[in-house]
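Nothing fancy with the numbering, it's 1 onward along the sequence.
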Amino acid sequence: MSAPTLQRRLGLVQATALNMIDMVGIGPFVTLPLVMGFMGPNFLLAWLVGAALASVDGLIWSELGAAYPEAGGSYRFLKLAYGEQKWGRYMSFLYVWQTLIQSPLVLASGAIGFAQYFGYLVPMTEWWQPKAVAGGVVLLLIALLYRRIEDIGKLGVALWVGVLSLMVWLIFGGLTHPNHHVDIFPAGGFPALPGLLISVAMGQAAVKTIYSYLGYYNVCHLGAEIKGPEKVIPRSIFLSILGIAALYLLLNWSVGTVIPWQEVQGWQASAGDKSQFIVSVFVERLYGPAAATVATGMVLLVAFASLFAVLLGYSRIPYAAAADGEFLPVFGKLHPTKNFPYVSLLLLGGVGFVFSLLFRLGEVISAILAMRILVQFVGQAVGLVLLRRRRGTAALPFKMPLYPLPVILAIIVWLFVFVGIAPAEVTWGGVHFKLYFQFAALGMMALGTVAFLLWSRSLKRWPFAQA
């Protein structure tokens, strides 16, 4: 009897739906007021910057995903780019190592945000109540994902409909009830634009908007389950980016015409900050408390849908590494009848459950970006250049235009974002200090390097291979 394998059952609609519900989680509803606070009248510009970076980086993902449509996404790309027997093993191991931490952090960020918005519907006065809600969300996700991939594809489309319905409703409300003027470009005109783009405020705002765009590449993690991947993967990536960019700009414009940025900044400077429920306040002003309750419920649905796609995609990464002989074999097991990597799903979900009980949302967002940038985004961009030099471009199903300009631009902007991540104020054991997430990311890479060396030594493989 042959071993179960992943099946190519997801088409363009399902792939795009899973990408978009991954992108539109709790992120835009939580980061919208934060970006207003950083950027003031220029808050829409930060969302354009996030869309531009996603588009440039999407060219890299599209070329790699179309050429190598396999389970694991970045794991496979990094291994192939840097050499499967030496440095590629190291880079791909680092990526999987970080995935065991960063993917539960992503899961926790959405669950914590879910709990915060849930507090608008049901006031939670005890410290443990929001943690119980966040943890319960993670457990429910694990239960829903414990099934066949074709069933998940259908459920993903249904959740996508919920995402689009909420966004359209919110945008329509702003379009039909504008009270304040909103500009996309800076109040000082185009001469002020270059300085604004490299400002500290833009750096902080860009971290938040980019977090809200992350997920356009989710389809690459499911490469082995995509039908016609050489066409579907690039198309789904750019349909997702363009669609979400339009929705984000319209959503922010709509909210800004009803709740001016000056008022949001006033909330943030006072006790009882209402900006964390800005969508609920927005709908309440337009249609009353009952409608605000419905809108809040829909925000929770969107957040849940996004976490659904996140856990689905990331659970394939340790599986791909284990199936490739580069990680613990237990992660390579598929469910005997449902054909999905159940060990990986249960472990990542379990760690995400623990993280959802321990951390705060702002800290999690910064940690996620800091950990991803160097190995995944910058490492992958450099890897694409290496692959083109070694294998050529004749067999590529999708070739990015204007190469290598998008690669160079992506690397520069990602490094700018990495440097711009602000530290967190932490008090631990009575000691107050600043936590720099850049150093935390480098520390995780160092620990991953040690783990890789120990793993390689146990296998007697590079750099400990016997002559």
Hey, could you give me the [atom1]/[atom2] distance between [X] and [Y], rounded to the nearest 0.5 Å?
X: Q268; Y: S275; atom1: CD; atom2: OG; value: 4.5 Å
X: Q376; Y: M91; atom1: CD; atom2: CE; value: 10.5 Å
X: M23; Y: I244; atom1: CE; atom2: CD1; value: 5.0 Å
X: L301; Y: L166; atom1: CG; atom2: CG; value: 8.0 Å
X: L374; Y: Q438; atom1: CG; atom2: CD; value: 9.0 Å
X: T31; Y: W47; atom1: OG1; atom2: CH2; value: 3.5 Å

Query raised in the report: Should the pair Y217 and H221 be assigned to parallel (<30°), tilted (30 to 60°) or perpendicular (>60°) ring geometry?
Result: perpendicular
Between [X] and [Y] (side chain of the first, backbone of the second, donor and acceptor by atom type, cut-off under 3.5 Å), is there such a pair?
X: T209; Y: A46; result: yes
X: Y248; Y: S212; result: yes
X: K399; Y: T393; result: yes
X: S356; Y: F353; result: yes
X: W414; Y: A381; result: no
X: S458; Y: W455; result: yes
X: R457; Y: F464; result: no

Side chain proximity check, [X] to [Y], heavy atoms < 4.5 angstrom:
X: V351; Y: I101; answer: no
X: S456; Y: R89; answer: yes
X: F398; Y: K231; answer: no
X: V382; Y: Y82; answer: yes
X: L78; Y: V375; answer: yes
X: R76; Y: L80; answer: yes
X: M202; Y: V49; answer: yes
X: S344; Y: L348; answer: yes

Query raised in the report: Residues in ring-ring contact (aromatic ring centres under 6.0 Å, His included) with W87, at least two apart?
Result: Y90, W462
Distance-minimising heavy-atom pair for [X] and [Y]:
X: P397; Y: E230; result: CB-CB, 3.6 Å
X: I241; Y: A54; result: CD1-O, 3.3 Å
X: V96; Y: P318; result: CG1-CA, 4.2 Å
X: R390; Y: G83; result: NH2-N, 4.2 Å
X: N19; Y: S240; result: CB-OG, 3.0 Å
X: P69; Y: I233; result: CB-CD1, 4.0 Å

Report task. Would you sort out whether M167 and L164 count as a side-chain contact (heavy atoms from CB on, under 4.5 Å), showing the intermediate values? Result -> CA-CA 5 Å; M167 298 293 279; L164 295 180; 5.7 Å; no
Query raised in the report: Taking atom OH of Y436 as the centre, does the number of heavy atoms from other residues, nucleotides or ligands within less than 6.0 Å exceed 12?
Result: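 No.
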Query raised in the report: Would you say R389 has more than 12 foreign heavy atoms packed within less than 6.0 Å of its CZ?
Result: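 Atom CZ in R389 is not packed in, count stays at 12 or less.
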Side-chain donor-acceptor pairs of residues 58-66 under 3.5 Å, sequence neighbours excluded:
{"unit_1": "W61", "atom_1": "NE1", "unit_2": "D57", "atom_2": "OD2", "d": "2.9"}
{"unit_1": "S62", "atom_1": "OG", "unit_2": "G58", "atom_2": "O", "d": "2.8"}
{"unit_1": "E63", "atom_1": "OE1", "unit_2": "R388", "atom_2": "NH2", "d": "3.0"}
{"unit_1": "E63", "atom_1": "OE1", "unit_2": "M400", "atom_2": "N", "d": "3.0"}
{"unit_1": "E63", "atom_1": "OE2", "unit_2": "R388", "atom_2": "NE", "d": "2.8"}
{"unit_1": "E63", "atom_1": "OE2", "unit_2": "R388", "atom_2": "NH2", "d": "3.4"}

Between [X] and [Y]: side-chain donor-acceptor atoms closer than 3.5 Å:
X: Y216; Y: S55; result: no
X: T296; Y: S280; result: yes
X: Q98; Y: R372; result: no

Check residues 128-140 and write down every donor-acceptor pair under 3.5 Å in which the side-chain atom is one partner and the other belongs to a residue at least two apart or another chain.
{"unit_1": "Q129", "atom_1": "OE1", "unit_2": "T125", "atom_2": "N", "d": "2.8"}
{"unit_1": "Q129", "atom_1": "OE1", "unit_2": "E126", "atom_2": "N", "d": "3.0"}
{"unit_1": "K131", "atom_1": "NZ", "unit_2": "L357", "atom_2": "O", "d": "2.8"}

Requested in this report: Show your reasoning for whether side-chain contact (heavy atoms from CB on, under 4.5 Å) applies to L239 and L12.
Outcome: CA-CA 10 Å; L239 284 174; L12 180 60; 4.2 Å; yes
Requested in this report: Evaluate side-chain contact (heavy atoms from CB on, under 4.5 Å) for F282 paired with L170, printing each intermediate quantity in order.
Outcome: CA-CA 9 Å; F282 168 76; L170 296 176; 4.1 Å; yes
Requested in this report: May I have the step-by-step check of ring-ring contact (aromatic ring centres under 6.0 Å, His included) for Y95 and Y75, ending in yes or no?
Outcome: CA-CA 6 Å; Y95 173 69; Y75 164 77; 7.6 Å; no
**Report entry** From CA spacing to verdict: side-chain contact (heavy atoms from CB on, under 4.5 Å), L141, L107
**Finding:** CA-CA 10 Å; L141 283 166; L107 192 61; 3.7 Å; yes
Query raised in the report: Is E225 salt-bridged to R8, going by a charged N under 4.0 Å from an acidic O?
Result: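 No, E225 and R8 are not salt-bridged.
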Report task. Please check if the distance between the ring centroids of F93 and F452 is under 6.0 Å. Result -> yes
